[in-house]
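Just below is one structure, and these are the notes that go with it.
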2 protein chains.
Amino acid sequence: MKILVVEDEPKLAGFLKRGLEEQSWEVELAYDGQVGKKMASNYRFDVIILDVNLPLLNGYDLARQLRNDGLSTPILFLTALGTIDDKLDGFEAGGDDYLVKPFEFRELIARVKVLAHRSTTREQSSQVLTIADLELNLDEKVARRSGNRIDLTAKEFALLEYLMRNRGRVVSRVDIAEQVWDIRFDTGTNVIDVYINFLRKKVDKDYPNKLIHTVVGMGYIFKEE
Amino acid sequence: MKILVVEDEPKLAGFLKRGLEEQSWEVELAYDGQVGKKMASNYRFDVIILDVNLPLLNGYDLARQLRNDGLSTPILFLTALGTIDDKLDGFEAGGDDYLVKPFEFRELIARVKVLAHRSTTREQSSQVLTIADLELNLDEKVARRSGNRIDLTAKEFALLEYLMRNRGRVVSRVDIAEQVWDIRFDTGTNVIDVYINFLRKKVDKDYPNKLIHTVVGMGYIFKEE
DNA sequence: CTTCAACGACTAGAATTTTCATAGGAACAG
DNA sequence: CTGTTCCTATGAAAATTCTAGTCGTTGAAG
């Protein structure tokens, strides 16, 4: 299950992300209303959690715009404002539920579950492999490192997927050749080396902690540190 | 719209009935859990409002039994108990929302509206798919972009519908061939490319933000950007 | 200490594949 | 028969995949 959290206060955002991920849900964060809108319209989430006070575009207006665009994903508002009129505004804007800060996390979980229950039944949620700050979205066919989008070609994607699925294990060139290239005998090619190099440029180059490591004489291993 | 209220305290029950009827909704009252259950199972309501403390059969057990019987009508719990654990019990029992007494009547109305809206929209199952400024009317078999009518042939329509239903994820040519053309093996055809081209001319050509994107070597993806 | 071989990193550009765009014919409906 | 829809075929353009090389490092032998 995939949840979008739009919350500008970093502390609360992190808290929400961690707490929701403990339910083994995937969580995407947006820190302002405009980014939130873009994410909500481009990808399918099961539930959207919206703070009301957001920079650039407030939660109510964001919800209204999404509803206007025909998005029916359940929306839960989260806010410090606790008066009735605020709540009514939230519902009027197209919200499905409303929770007032401070709240108990377990109640949030329960409400999110209820909201999700409806939408989960119709379509499967998105598939993502995540290791460290790198995630590979199998639906979008796109990788992200620390949130930065990385475009990959088909072969690059296939290779990275194979490495990530075998994280923590050394995979030999022969394994890779068979699984990714369908090569079953030694052709004396060096494609694999070349593509490892391509991946390193795109995935590891700009980041201090490398994820793709060479094990001389053995192959490659994908792991943190 | 029809609402069932199960509440044993006559004063509150009458208050609820009058208030809800002011919204020109039909309200049925039950004064204990067993009668409530009978009514809920025998007639179709849009929303059920359940007090938790009820004679003969308490609200949670009543909800559980209804859910067990396969009833999916939204349930809102109403109770004086306000602790987190009570709320969690309520959601666990199959409730969709939880309101603690005393409450503002307008908030009740708002929450009931949301619950009702969900069940009604769910049934008509959206005759219009909308993404960004493009809408696809499944009844009229017509698309509109920024309000401008776009006529599509049957195949164009089917392809666009498939893309829109899978917005945000890459669909391969094989997927499209199977789902839209019923081709289950590689025939070496290029119909899909041709029709993507047709759609682009009709849907994307005159507009700056494109919706149909190709992902080389993988397929196509429908999304804003 | 020097040399050489093995291995992997990395690059340029050639070869191949994939996609786009268009034209024209077959199939079909009215 | 006529107009529309659907599909095949084709060539150009774009993007990719892969080959063939150079370079650097390491470690062992001479």
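Protein chains get the first letters and strands the later ones, always in sequence-line order, with residue 1 at the start of each. These numbers come from a predicted model, not from an experiment.
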| request: Taking only heavy atoms on the protein side, list every residue of residues 199-206 of chain A lying under 4.0 Å from any atom of DNA chain C, sorted numerically. | output: A:Arg200, A:Lys201
| query | What are the residues of residues 187-197 of chain A, sorted by number, that bring a heavy atom to within less than 4.0 Å of DNA chain C? | reply | A:Asn190, A:Asp193, A:Val194, A:Asn197
| request: Check side chain to side chain donor-acceptor pair (under 3.5 Å) between A:Asp193 and all other residues, then give those that pass, not counting sequence neighbours. | output: A:Arg173
| said: Between A:Asn166 and A:Arg169, do the side chains contain a donor N or O and an acceptor N or O under 3.5 Å apart? | reply: yes
| remark: CG (A:Asp46) and CD (A:Glu26) are apart, to the nearest 0.5 Å, by 9.0 Å
| said: Can you confirm whether A:Leu134 sits close enough to A:Leu211 that some side-chain heavy atom of one is under 4.5 Å from a side-chain heavy atom of the other? | reply: yes
| Quick one, which residues of residues 156-186 of chain A touch DNA chain D with a heavy atom under 4.0 Å? | A:Trp181
| message | Take a 6.0 Å sphere around NZ of B:Lys210 and say whether it holds more than 12 heavy atoms from other residues, nucleotides or ligands. | response | yes
| task | Assign each of A:Leu152 and B:Ala154 to its nearest nucleotide of DNA chain D by heavy atoms, then name whichever residue's nucleotide is nearer the 5' end. | result | B:Ala154
| request: Would you verify whether the NZ or CZ of A:Arg111 falls within 45 degrees of the ring axis of B:Phe91 while also being under 6.0 Å from that six-membered ring's centre? | output: no
| query | So which pairs with a foot in residues 139-186 of chain B pass ring pair (Phe, Tyr, Trp, His ring centres under 6.0 Å), sequence neighbours left out? | reply | B:Trp181-B:Tyr195
| query | What is the 5' to 3' range of DNA chain C, first to last nucleotide, that sits under 4.0 Å from any heavy atom of chain A? | reply | C:dG8 to C:dT11
| said: Looking at every non-hydrogen atom in both residues, tell me the closest pair between B:Ile212 and B:Asp204 and how far apart they are. | reply: N-OD2, 3.0 Å
| note | By nearest-nucleotide position on DNA chain C, the 5'-leaning member of B:Tyr220 and A:Val216 is A:Val216
| message | To the nearest 0.5 Å, what is the distance between CG on A:Leu62 and CD1 on A:Ile75? | response | 6.5 Å
| request: Assign the ring pair A:Tyr98 / A:Phe77 to parallel, tilted or perpendicular, where the plane angle (0 to 90°) is split at 30° and 60°. | output: tilted
| message | Under 4.0 Å from OP1 or OP2 of D:dA15: is there any side-chain N or O of A:Thr153 that close? | response | no
| query | Looking at B:Leu99 and B:Glu107, what are the two nearest heavy atoms and their distance? | reply | CD1-OE2, 3.8 Å
| message | A side-chain contact here means heavy atoms from C-beta on lying under 4.5 Å apart; do A:Leu4 and A:Arg44 qualify? | response | no
| query | What's the verdict on salt bridge (charged side-chain N to carboxylate O under 4.0 Å, His left out) for B:Glu92 and B:Arg64, showing C-alpha distance, side-chain angles and the deciding distance? | reply | CA-CA 9 Å; B:Glu92 184 269 317; B:Arg64 244 185 294 268; 2.9 Å; yes
